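Have a look at the structure below, then the notes.
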Amino acid sequence: MESKADVRSVTSEQLAAIEDEEVLNKMLDNATDFEERRMMRAALRELLKKKRDKREQDRGSRQQDLRQQGLGGGGKTGGAVSVGRASMNQQPPANRSAGQISPSTGSAAGPAVASAQKCPPAAAPNVKNVKQMLLDWCRAKTEPYEGVNIHNFSSSWKDGIAFCALVHRFFPDAFEYSTLNPNKPRDNFQLAFNTAERLAGCPPLLDPDDLVRMKEPDWKCVYTYIQEFYRCLVEKGLVKTKKRP
């Protein structure tokens, strides 16, 4: 494991030997040299890819075992494989909190008013600068993650992958990022919000069911949630800063 003092002397070979995402994340946070940061981002992407490939390989092996067991037990292969897949794909039921925000498409007067009440627009004079700072922070923290391209607080978050990447950056042992499916946004939202609540103490201000019904998330709601997540990280000492977005 590399210490913070070793960051400046690290080589690509040493980075390739690291198999702990948390170690690479900490090294990336403390690195200042452009070339070193490039090497660390590449190492982190390669590690995530290796984990994803291994996961797929293990899944294929398990399915093969199930097929063999089914053939040996009277030709019930299809049933065995189906049960195995159902077990792997089973997700915990969504927990709806009383304090959740329900974003709205604003297509009707009623929902639009409700959204405005629950996701109040920031009215501070420096809100534009704060918003950009927070957006830049999100982009920097999720840069090594495949499938994430954050350029706003709305469409960039619609499949839930960006939320998962941001949470995973600080809690890499909480779940396997490489197994996420962008075609299952509700599962991604639920996973990110549940993990953030459990490990960071961030209240689930957004509701996965409401988010999937919208073409794009309400940027004010996403912005409010990310602000709260950032605040919780600061309180836990996981983010050190003099200025809080």
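The structure displayed is predicted, hence computed values, not measured ones.
The CZ atom of Phe153 sits 10.0 Å away from the OG1 atom of Thr224 when rounded to the nearest 0.5 Å. Rounding to the nearest 0.5 angstrom, the gap separating the CZ atom in Arg139 from the CG atom in Leu135 is 4.5 Å. For the atom pair Asp136 CG and Lys131 NZ, the distance stands at 12.0 Å (nearest 0.5 Å). Taken to the nearest 0.5 Å, the CZ atom of Arg198 stands 5.5 Å off from the OG1 atom of Thr195. Interatomic distance, Leu134 CG to Gln227 CD, rounded to the nearest 0.5 Å: 6.0 Å. Between atom CG of residue Asp218 and atom CG of residue Asp210 there is a gap of 11.0 Å, rounded to the nearest 0.5 Å.
Using modelled atom types, no side-chain atom of Asp159 and backbone atom of Pro185 make a donor-acceptor pair closer than 3.5 Å. Side-chain atoms of Asn188 come within 3.5 Å of backbone N or O of Asn181 as a donor-acceptor pair. A side-chain donor-acceptor contact under 3.5 Å links Asn152 to the backbone of Ser155. Remark: side-chain polar atoms of Gln14 are paired, donor with acceptor, to backbone N or O of Thr11 under 3.5 angstrom. Judged by distance alone, the side chain of Ser154 and the main-chain N or O of Pro217 form a donor-acceptor pair under 3.5 Å.
At least one side-chain heavy atom of Lys141 sits under 4.5 Å from a side-chain heavy atom of Phe170. Within the 4.5 Å cutoff, the side chain of Glu197 has no heavy atoms near those of the Cys202 side chain. Residues Pro204 and Tyr225 are not in side-chain contact: their nearest non-hydrogen atoms beyond the backbone lie 4.5 Å or more apart. A heavy-atom distance below 4.5 Å is found between the side chains of Leu205 and Glu228. Using a 4.5 Å cut-off on side-chain heavy atoms (C-beta onward), Leu191 and Phe175 make contact. Inter-residue side-chain proximity for Phe193 and Leu211 is flagged as met; some heavy-atom pair is nearer than 4.5 Å. Side-chain contact between Cys138 and Ile226 is present, with heavy atoms from C-beta onward closer than 4.5 Å. No side-chain heavy atom of Val239 sits under 4.5 Å from any side-chain heavy atom of Phe229.
In this structure, Lys215 and Lys158 approach most closely via the heavy-atom pair O-CD, 4.1 Å. Considering all non-hydrogen atoms of both residues, Ala162 and Thr142 come closest at O-CG2, 4.3 Å. Of all heavy-atom pairs spanning Ala140 and Arg169, the tightest one is O-NH1, 3.8 Å.
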inquiry  = Asn149 vs Ser156, test: side-chain contact (heavy atoms from CB on, under 4.5 Å). Steps then yes/no.
reply    = CA-CA 7 Å; Asn149 181 22; Ser156 299; over 6 Å; no
Candidate pair Asp207 and Phe189, rule side-chain contact (heavy atoms from CB on, under 4.5 Å), full reasoning = CA-CA 8 Å; Asp207 185 282; Phe189 290 134; over 6 Å; no
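Ring planes of Trp219 and Tyr223: tilted class, angle from 30 to 60°. Ring geometry, Tyr177 versus Tyr145: the interplanar angle exceeds 60°, so the pair is classed perpendicular (tilted spans 30 to 60°).
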